[in-house]
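The structure appears below as structure tokens.
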Amino acid sequence: EVQLVESGGGLVQVGGSLRISCTASGFTSDDYVIGWFRQGPGKEREVVSCIRPKDRSTYYSDFVKGRFTISSEYRKNAAKNTVYLEMNSLRPEDTSVYYCAAGLDLYSDPRPGDFRSWGQGTQVTVSS
């Protein structure tokens, strides 16, 4: 069973930076994808960024391109991995609970339903 734990959320001012982490464990192969999602109050969960650690393929939603960077500490055949989301030039609309999730494939248009395992989330609040 894959388990994911997010950390690093907090309060940051507009224009500031924050790095959140996802520690994932329980992998039995190298063929997996880690995604970052967010869900604001009264909003649907939306994809932010994804990475396939084995070949470092990435996906970014348009609203974070050029501001956020996803990376991972991938090691071949390791059951554990840590994936980071570096967030720069933060805006009030980035305020959300951020979740990481594990899936099997990286699609051109990732959706929450493509991911099987989820963390509990970490709150990111951007103050103006």
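Tyr99 and Leu4 fall into different hydrophobic clusters, where Ile, Leu, Val, Met, Phe, Trp and Tyr are joined by side-chain heavy atoms under 4.5 Å apart, directly or via other members. Taken together through direct or relayed side-chain contacts under 4.5 Å among Ile, Leu, Val, Met, Phe, Trp and Tyr, Val97 and Ile70 form parts of separate hydrophobic clusters. Under the 4.5 Å side-chain heavy-atom criterion for Ile, Leu, Val, Met, Phe, Trp and Tyr, Tyr74 and Val2 are members of the same hydrophobic cluster. Using a 4.5 Å cut-off between side-chain heavy atoms of Ile, Leu, Val, Met, Phe, Trp and Tyr, with links allowed through other members, Ile51 and Leu106 fall into different hydrophobic clusters.
Side-chain atoms of Thr69 and Leu85, non-hydrogen and from C-beta on, never get closer than 4.5 Å to each other. Between Val14 and Arg91 there is no side-chain heavy-atom pair separated by less than 4.5 Å.
For Arg111, the side-chain contact (heavy atoms from CB on, under 4.5 Å) test picks out Asp109, Asp114, with sequence neighbours left out. Partners of Thr28 under the side-chain contact (heavy atoms from CB on, under 4.5 Å) rule, at least two apart in sequence or in another chain, do not exist in this structure. Under the salt bridge (Lys or Arg N to Asp or Glu O under 4.0 Å) criterion, Arg67 pairs with Asp94, not counting sequence neighbours. In terms of the ring-ring contact (aromatic ring centres under 6.0 Å, His included) criterion, Tyr107 has no residue partners (sequence neighbours excluded). Residues forming a disulfide (SG to SG under 2.5 Å) with Cys100 (at least two apart in sequence, or on another chain): Cys22. Here Val124 pairs with Leu18, Ile20, Met87, Tyr98, Val126 under the side-chain contact (heavy atoms from CB on, under 4.5 Å) rule; sequence neighbours left out. Take Asn77 and apply the side-chain contact (heavy atoms from CB on, under 4.5 Å) test, not counting sequence neighbours, and it matches Asp30. In this structure, Lys80 has no salt bridge (Lys or Arg N to Asp or Glu O under 4.0 Å) partners at least two apart in sequence or on a different chain.
For the atom pair OG (Ser49) and CD1 (Ile34), the distance works out to 11.5 Å, reported to the nearest 0.5 Å. From Gln123, atom CD reaches atom OG1 of Thr125 across 4.0 Å, with rounding to the nearest 0.5 Å.
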**OP:** Determine, step by step, whether Leu11 and Ser127 satisfy the side-chain contact (heavy atoms from CB on, under 4.5 Å) criterion, reporting the C-alpha distance in whole Å, the side-chain angles of both residues, the deciding distance to 0.1 Å, and the verdict.
**Re:** CA-CA 7 Å; Leu11 177 65; Ser127 66; 4.0 Å; yes
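A donor and an acceptor atom, one from each side chain of Glu93 and Thr95, are nowhere located under 3.5 Å apart.
Among residues at least two apart or in separate chains, side chain to side chain donor-acceptor pair (under 3.5 Å) pairs with a member in residues 1-20 are Ser17-Asn88. Within the structure, every pair that satisfies the salt bridge (Lys or Arg N to Asp or Glu O under 4.0 Å) test and touches residues 41-50, not counting sequence neighbours, is listed here: Arg38-Glu46. Listed by first then second residue, pairs satisfying ring pair (Phe, Tyr, Trp, His ring centres under 6.0 Å) with a partner in residues 32-71 read Phe27-Tyr32, Phe37-Phe115, Phe37-Trp118, not counting sequence neighbours. Counting only residues at least two apart or in different chains, disulfide (SG to SG under 2.5 Å) contacts with residues 24-88 are absent.
A side-chain donor-acceptor contact under 3.5 Å links Ser61 to the backbone of Val47. When atom types are taken as modelled, the side chain of Asn81 and the backbone of Glu73 share a donor-acceptor pair closer than 3.5 angstrom.
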